[in-house]
Amino acid sequence: MLSLQKTRSRDARPARLLPADFYARDPRAVSRDLLGKILIRRRARKTLSGRIVEVEAYLGENDAAAHAAAGLTPRNYVLFGPPGRAYVYFIYGNYFCLNVSCEPDGIAGGVLFRALEPLAGIEQMAQERGVALKPSHLAGLRLLTSGPGRLAQAFGVTRERDNDKDLTSSSSDLQIVDDGYRPARVSVGPRIGITKAAADPLRFIIAGNPFLSGRK
DNA sequence: TACATGATGCCCT
DNA sequence: GGGCATCATGTAG
């Protein structure tokens, strides 16, 4: 049986807000370095947070699977803009997906958040997801943030509310911070749910983490 | 447990 | 009008 909260930091080290230059790099490098960082949604009543355990890199206009491959459009302009901004898109008529823009301003690239390990605000996440939660039950917790559509819903992410939001601003209600945690082992494999460029190893995971997306 | 399928709406051609 | 960086549910084994 896997223990819960495998990645909860024991350190008292204060969390550091990731700056824009962290994202102003190749999405593959950003992806690897985002594993283990913490996504935070600050709300009036409660703060939600989750450890990043699975991401995918989407490259520029030469990546056939990337939205940027279509060239600059009203939908995907954030990918071409400054680094560290939220790119949110609507998919399959039901779900939003959250990305962060990479590369310097003018160059396209992004990272898709595919799975988090819930850390704080779990009751609120369950409410957003509309799931009845049995406390400390792993199968139930996995339903909250194990998948890109799920984590966006759990964190209340929408295109209207969050698209083009600056994740590197200290005044932002959506941020990514480093609390000093470092993954024991990172694995890389093919991206999920795509047909073009499907073989490229651009999916990055914390190996063995119980909150990865997909069936167990 | 594994796989197939329907729901659902926006964007781009 | 086709396709889509998904998820929940149903059915078969």
Side-chain angles (χ1 to χ4, degrees), chain A residues 1-2 23 26-28 30-32 34-35 39 50 52-81 85-103 108-116 118 125-134 137-165 167 174 176 187-205 210-216:
Chain A
M1 182 59 187
L2 295 157
Y23 304 98
D26 186 294
R28 286 165 287 211
V30 177
S31 292
R32 178 172 290 270
L34 275 175
L35 293 177
L39 178 69
I52 299 165
V53 301
E54 175 180 347
V55 296
E56 283 176 357
Y58 285 86
L59 312 182
E61 301 180 66
N62 293 326
D63 179 358
H67 290 178
L72 181 63
T73 72
R75 181 198 193 198
N76 67 17
Y77 72 92
V78 174
L79 292 173
F80 292 80
R85 304 291 179 90
Y87 170 53
V88 182
Y89 64 87
F90 187 66
I91 191 68
Y92 296 119
N94 276 303
Y95 297 96
F96 292 99
C97 290
L98 173 66
N99 305 247
V100 60
S101 62
C102 299
E103 303 280 14
V111 174
L112 168 69
F113 296 91
R114 287 198 56 92
L116 307 174
M125 294 183 202
Q127 193 169 358
E128 292 284 351
R129 292 272 299 122
V131 303
L133 199 60
K134 290 183 179 178
H137 194 256
L138 179 58
L141 288 178
R142 289 191 72 258
L143 293 175
L144 299 180
T145 53
S146 292
R150 288 169 174 172
L151 75 87
Q153 187 174 38
F155 275 63
V157 171
T158 67
R159 182 170 171 92
E160 180 180 33
R161 181 183 297 147
D162 297 307
N163 193 51
D164 204 22
K165 183 171 285 181
L167 303 186
L174 201 57
I176 302 172
S187 293
V188 185
R191 293 175 293 188
I192 292 183
I194 58 172
T195 55
K196 302 166 191 165
D200 298 351
L202 295 172
R203 173 175 177 253
F204 297 77
I205 65 173
F211 291 93
L212 298 174
S213 70
R215 304 176 189 283
K216 303 295 287 184

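Order of the sequence lines fixes the chain letters, A, B, ..., with proteins taken first and strands second; residue numbering starts at 1 for each chain.
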Residue pair A/L59 / A/D200, side-chain heavy-atom distance below 4.5 Å: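 No, every pair of side-chain atoms sits at 4.5 Å or beyond.
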OP1 or OP2 of C/dA8 under 4.0 Å from side-chain N/O of A/R129: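 Checking C/dA8 against A/R129, a side-chain N or O does come within under 4.0 Å of OP1 or OP2.
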Phosphate contact (C/dC4 OP1 or OP2) by A/T195 side-chain N/O below 4.0 Å: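 Result: yes.
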CG on A/L112 to CG on A/L151, rounded to 0.5 Å: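 That separation rounds to 8.0 Å.
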From CG (A/L98) to OH (A/Y89), nearest 0.5 Å: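 These two atoms lie 9.5 Å from each other.
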Per-pair stack call A/F90 and B/dG9, 5.5 Å, 30°: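 Not stacked by the 5.5 Å and 30° rule.
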Would you mind reading off the distance between [X] atom [atom1] and [N] atom [atom2], rounded to a whole angstrom?
| X | N | atom1 | atom2 | result |
| --- | --- | --- | --- | --- |
| A/I91 | B/dC11 | CD1 | P | 11 Å |
| A/N94 | B/dC10 | CG | P | 11 Å |
| A/L72 | B/dC11 | CG | P | 14 Å |
| A/R114 | C/dT6 | CZ | P | 5 Å |
| A/K196 | C/dA5 | NZ | P | 7 Å |
| A/R142 | C/dC7 | CZ | C1' | 13 Å |
| A/N99 | C/dA5 | CG | P | 11 Å |
| A/L144 | C/dA8 | CG | P | 11 Å |

Option passing salt bridge (charged side-chain N to carboxylate O under 4.0 Å, His left out) with A/D63 (candidates A/R28, A/K196, A/R191):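 The single option meeting the salt bridge (charged side-chain N to carboxylate O under 4.0 Å, His left out) with A/D63 is A/R191.
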A/I194 side chain, from C-beta outward: closest of C/dC7, B/dC12, C/dA5: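 Nearest nucleotide to the side chain: C/dA5.
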Shortest side-chain distance from A/R75, nucleotide among B/dC12, B/dG9, C/dA5: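 Given the options B/dC12, B/dG9, C/dA5, the side chain of A/R75 is closest to B/dC12.
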Residue met sooner reading DNA chain C from 5', once A/G193 and A/R150 are mapped to nucleotides: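 In this pair, the answer is A/G193.
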N/O donor-acceptor pair, side chain A/Y92 with base B/dA7, under 3.5 angstrom: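 For A/Y92, whose side chain was compared with the base of B/dA7, there is no donor-acceptor pair (under 3.5 Å).
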